[in-house]
J.: 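Here it is, the structure in full.
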Amino acid sequence: MKSPLVVTVTGAAGQIAYSLLPRIASGEVFGEDQPILLRLLEIEPGMKSLEGVVMELNDCAFPLLDSIEATSNLNNGFDGTNWALLVGSVPRKAGMERKDLLGINGKIFVGQGEAIARNAAEDINVLVVGNPCNTNCLIAMKNAPGIPQSRWHAMTRLDENRAKSALAQKAGCHSRDITRLAIWGNHSSTLYPDFENALINSDPVSKYIPDRAWLEGDFIKDVQQRGAAIIGARGLSSAKSAAHAAIETVRSLRATTPADDWHSVAIASDGSYGVEEGLICSFPIRSSGGISTIVQDVDLGEFGKIKFQATLNELLEERAMVAELLPK
Ligand code: NAX
């Protein structure tokens with residue numbers, strides 16, 4: 001039996017975690033021969049509800065679930081952590097400006113970045129889900145000296161999956177027929193789902209969907225606004241699909257990406273596509289042997305370049321708003 005992998009999930013009493021935790025414990029993410037030590041991090045007000053989550057996880061009697069530790073202490077929460085899924089953050093409330101949200105959540109990610117740097121295992125990898133996830137990830141990374149930038153990721157896979165589903169419905173195909181669908185930029189209402197480089201059954205999307213006006217208009221808008229549409233229908237934000245996207249992100253980062261495909265995740269820019277080094281930006285990514293790189297020479301075209309610039313500008317604005325949380 002392998003020794004347990006330490007997986008920390010923050011916001012562990014929240015709704016995304018409720019869908020996510022059993023799938024981690026079952027072996028779906030890290031493999032069916034990999035025991036898991038689950039560290040569940042919450043803030044004090046969430047600890048009572050977290051007790052119930054722990055009871056349910058125990059009642060599943062997962063063979064691979066070595067042990068569970070629930071805590072509100074940051075140092076304990078990240079002690080020896082190999083993978084950290086940072087899901088917890090404060091939701092935007094009525095009357096709150098984007099800047100206020102960035103400030104409140106930003107401070108959370110300062111503390112978590114510092115605690116990860118102090119306590120985590122040497123091979124720590126981090127996926128930030130809590131919003132605004134790109135900038136939260138940037139803040140945590142900048143406050144975790146000593147941990148390579150290559151270990152930090154923010155989630156845009158849900159946007160990729162949403163885009164695939166929308167294209168498949170329009171084209172009358174299955175979402176599994178769609179490859180090379182990259183999300184560029186920020187996980188926000190400015191994100192750019194690149195339909196021009198995506199393929200359906202290895203052919204350009206335009207072969208199946210000649211309606212360019214729909215692709216440039218409703219398609220992009222619907223993917224950008226899908227989170228709001230879910231809230232409108234369900235009265236709650238996406239949880240099952242977000243948990244699924246987090247699982248697929250981690251699996252893709254650990255696997256070898258097929259040569260004819262890529263996946264979407266926001267990582268620290270290496271300067272590719274003119275994006276300032278270190279900015280956490282979503283790109284088309286290929287992974288192999290635990291190393292993920294930005295796919296080069298993707299031609300965004302005139303339309304795509306304008307869209308990418310808009311979402312990039314937003315990322316730069318967000319960074320400026322949290323400048324005091326980013327050590328030089
Ligand atoms: P919930 O409000 O159900 O759960 C959040 C949990 O985080 C709560 O239990 C809360 O007590 C806890 N929490 C707050 N501050 C914390 C801290 N400092 N340390 C530890 N735990 C803390 O939200 P949920 O629906 O689970 O969503 C979680 C986050 O995911 C939100 O920020 C949400 O906006 C974001 N999302 C990100 C997505 C993405 O694609 N990147 C999509 C889904 C989702 O909107």
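Start at 1 and go down the list; that is how both ligands and their atoms are numbered.
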J.: Is there a heavy atom in G227 that sits closer than 4.0 Å to ligand 1?
T.: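 Contact check G227 vs ligand 1: negative.
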J.: Select one of side chain, backbone, both or neither to describe which atoms of I108 lie under 4.0 Å from any atom of ligand 1, heavy atoms only.
T.: side chain
J.: Determine the sole option in L315, T135, I267 for which the side chain to side chain contact (heavy atoms under 4.5 Å, CB included) test with L279 is passed.
T.: L315
J.: Work out which heavy atom in A12 is nearest to a heavy atom in L50; give both atom names and the distance.
T.: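 Nearest pair, atom of A12 first, then L50: CB-CD1, 3.6 Å.
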J.: Does a salt bridge link E248 with R251, judged by any charged N lying under 4.0 Å from a carboxylate O?
T.: no
J.: For V87, take its heavy atoms, then give the atoms of ligand 1 lying under 4.0 Å from any of them.
T.: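 Reading through ligand 1 atom by atom, the close ones are 28 (C), 29 (C), 30 (O).
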J.: State if G46 counts as touching ligand 1 under the rule of any non-hydrogen atom under 4.0 Å.
T.: no
J.: Could you check whether any side-chain N or O of N119 sits under 3.5 Å from a backbone N or O of G77, counting only pairs where one atom can act as donor and the other as acceptor?
T.: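 Side chain of N119 to backbone of G77: no pair is present.
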J.: For Y273, does the OH atom sit with more than 12 other heavy atoms under 6.0 Å from it, leaving out its own atoms?
T.: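 It does: Y273 OH has more than 12 such atoms within range.
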J.: Do the ring planes of F303 and F195 sit parallel (below 30°), tilted (30 to 60°) or perpendicular (above 60°)?
T.: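 Tilted: the ring planes of F303 and F195 meet at 30° to 60°.
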J.: Would you check whether A13 reaches within less than 4.0 Å of ligand 1, judged by its heavy atoms?
T.: yes
J.: Looking only at protein heavy atoms, which one is nearest to atom 43 (C) of ligand 1, and what is the separation?
T.: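 Ranking protein heavy atoms by distance from atom 43 (C) of ligand 1, first comes A242 CB, 3.6 Å.
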J.: Assess the side chains of N313 and E317: does a donor N or O sit below 3.5 Å from an acceptor N or O?
T.: no
J.: Please compare N136, L20, N131 and report which has the shortest non-hydrogen distance to atom 33 (C) of ligand 1.
T.: N131
J.: Could you check whether R151 pairs with E122 (Lys NZ or Arg NE/NH1/NH2 to Asp/Glu carboxylate O, under 4.0 Å)?
T.: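 Looking at E122 together with R151, the answer is no, because their closest N to O distance does not fall below 4.0 Å.
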J.: Report all side-chain donor-acceptor pairs from residues 62-71 shorter than 3.5 Å, counting only partners two or more places apart or in another chain.
T.:
| unit_1 | atom_1 | unit_2 | atom_2 | d |
| --- | --- | --- | --- | --- |
| E69 | OE1 | R39 | NE | 2.7 |
| E69 | OE1 | R39 | NH2 | 3.2 |
| T71 | OG1 | N73 | N | 2.9 |

J.: Please write down residue, atom name and distance for the protein heavy atom closest to atom 42 (C) of ligand 1.
T.: L158 CD2, 3.7 Å
J.: From the options A17, G88, S89, select the one whose nearest heavy atom is closest to atom 32 (O) of ligand 1.
T.: S89
J.: Taking heavy atoms and a distance under 4.0 Å, where does H187 meet ligand 1: side chain, backbone, both or neither?
T.: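 Contact part for H187 vs ligand 1: side chain (C-beta onward).
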J.: Looking at L41, which atoms of ligand 1 are within less than 4.0 Å of one of its heavy atoms?
T.: 20 (C), 21 (N)
J.: For K2, does the NZ atom sit with more than 12 other heavy atoms under 6.0 Å from it, leaving out its own atoms?
T.: yes
J.: Tell me, which protein residue and heavy-atom name are nearest atom 2 (O) of ligand 1, and how many Å apart are they?
T.: P91 CG, 4.7 Å
J.: What residue and heavy atom of the protein are closest to atom 17 (C) of ligand 1, and at what distance?
T.: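 I find the closest protein heavy atom is I43 CG2, 3.5 Å.
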J.: Measure from atom 21 (N) of ligand 1 to the protein's non-hydrogen atoms and state whether any distance is below 4.0 Å.
T.: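 Under 4.0 Å from atom 21 (N) of ligand 1, at least one protein heavy atom found.
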J.: Starting from atom 3 (O) of ligand 1, find the nearest protein heavy-atom neighbour and note its residue, name and distance.
T.: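 Looking only at protein heavy atoms, the one closest to atom 3 (O) of ligand 1 is Q15 N, 2.9 Å.
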J.: Please work out which of the three classes, parallel, tilted or perpendicular, describes the rings of W83 and F30, given edges at 30° and 60°.
T.: tilted
J.: Which bit of S238 gets closer than 4.0 Å to ligand 1, counting heavy atoms only: side chain, backbone, both or neither?
T.: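 Looking at S238 and ligand 1, just backbone atoms fall under 4.0 Å.
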J.: Could you tell me which non-hydrogen atom of I124 sits nearest to which non-hydrogen atom of T81, and how far apart they are?
T.: CD1-O, 3.4 Å
J.: Answer with side chain, backbone, both or neither: which part of R157 has a heavy atom less than 4.0 angstrom from an atom of ligand 1?
T.: neither
J.: Any atoms of ligand 1 less than 4.0 Å from a non-hydrogen atom of C133? List them with their elements.
T.: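 What qualifies from ligand 1 is 41 (N).
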J.: Is it the side chain, the backbone, both or neither of I16 that has a heavy atom closer than 4.0 Å to ligand 1?
T.: both
J.: Which residue owns the protein heavy atom closest to atom 8 (C) of ligand 1, what's the atom, and how far is it?
T.: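 Scanning the protein heavy atoms, the shortest distance from atom 8 (C) of ligand 1 goes to E42 OE2, 3.4 Å.
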